[in-house]
Amino acid sequence: MTSGVSPATSLHDWNLDPAAARQLQATLAPAVRLQPLPVRPSLIAGVDCGLERQRWIRAAVTLMRFPELMPVQTVVARTPCRFPYVPGLLSFREMPGLLAALEQLEEAPALILCDGQGIAHPRRLGIASHLGLWLGIPAIGVGKSRLIGSHPEPGRERGATAPLVDADMRVGTVLRTRTDVRPVFVSPGHLVDHDSAVEWVMRTLTRYRLPEPIRLADRASRSGGAKS
DNA sequence: GCGACAG
DNA sequence: ATCTTGTCGC
């Protein structure tokens, strides 16, 4: 009855075709706000999706307490694929499942780390931005590969960064999360700016390439297991 | 027309 | 994302 996470505003439904989806992204993008994360979040969520036989989306969310980085709760939702994978339209494929999983949380996160891009997107509305906007919760996009933009190669050391630019605009940061390991693409989703996005990805790293909340959600989306 | 293209 | 065996390295 009392869910930890519910939409701040019901912005739209999910019955759209690709053309309408792109149109909607252009309409929603101006509402994205880039600003420093106001408070230190004590509850951080990591979200990720897995695919089951090309027909089901397995959306997983892991809630962690900061700064301990101890998992508080992990939830998984299995929903049918209703939208194809189209570069630039990922949120229309994965968000319905993610929202179903988020509703199962007993507490709401103060920050969400999302697998995929934030504003580093053709219309500045990657899945992290769309999700953050829908929930009214600060969100950061952490992609394992590039969608758009150009950038110099960041230094090889852990913590090295390079700006990600598209159409003469800063859209993200290429961040080396481990020495000599392929960098990740960090971009603000909503209610965070470039600096806090990189700062909070760094603060949730342990010994792996991906920040712990996303790494655990990724793990749950593959094994399909929830737990408290 | 051709290449690029989160998960 | 998923499929899918072995292999290299700490």
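Letters A, B, ... mirror the listed sequences (proteins, then strands); counts begin at 1.
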Within the pair [X] and [N], is there a side-chain N or O less than 4.0 Å away from OP1 or OP2?
X: A:S145; N: B:dC5; result: no
X: A:R146; N: B:dC5; result: yes
X: A:K144; N: B:dG7; result: yes
X: A:R222; N: C:dT2; result: yes

Please classify the nucleic acid contact of [X] as base, sugar-phosphate, or nothing, using heavy-atom distances under 4.0 Å.
X: A:E94; value: sugar-phosphate
X: A:I127; value: base
X: A:G126; value: base
X: A:R207; value: nothing
X: A:G141; value: nothing
X: A:L125; value: nothing

Please report the distance, rounded to the nearest Å, between [atom1] in [X] and [atom2] in [N].
X: A:Y85; N: C:dT2; atom1: OH; atom2: P; value: 13 Å
X: A:L90; N: C:dA1; atom1: CG; atom2: P; value: 11 Å
X: A:Q54; N: C:dT2; atom1: CD; atom2: P; value: 9 Å
X: A:R93; N: C:dA1; atom1: CZ; atom2: C1'; value: 8 Å
X: A:L147; N: B:dG3; atom1: CG; atom2: P; value: 19 Å
X: A:F92; N: B:dA6; atom1: CZ; atom2: P; value: 17 Å
X: A:R124; N: B:dA6; atom1: CZ; atom2: P; value: 16 Å
X: A:L98; N: C:dA1; atom1: CG; atom2: P; value: 14 Å

Exercise. Could you check if a side-chain atom of A:R93 sits within less than 4.5 angstrom of a side-chain atom of A:L51, using non-hydrogen atoms only?
Key: yes
Quiz item: Is any side-chain heavy atom of A:S42 closer than 4.5 Å to a side-chain heavy atom of A:F66?
Solution: no
Quiz prompt | Pair A:R219 + A:E212, salt bridge at N-O below 4.0 Å | solution = no
Self-check item: Donor-acceptor pair between A:D193 and A:S196 side chains, under 3.5 angstrom
Solution: yes
Self-check item: Given C:dT2, B:dG7, B:dC5, the nucleotide with the shortest approach to the side chain of A:P87
Solution: B:dC5
Self-check item: Partner of A:D180 under salt bridge (Lys or Arg N to Asp or Glu O under 4.0 Å), chosen from A:R156, A:R209, A:R158
Solution: A:R156
Quiz item: Under 5.5 Å between ring centres and under 30° between planes: does that hold for A:F185 against the base of B:dA6?
Solution: no
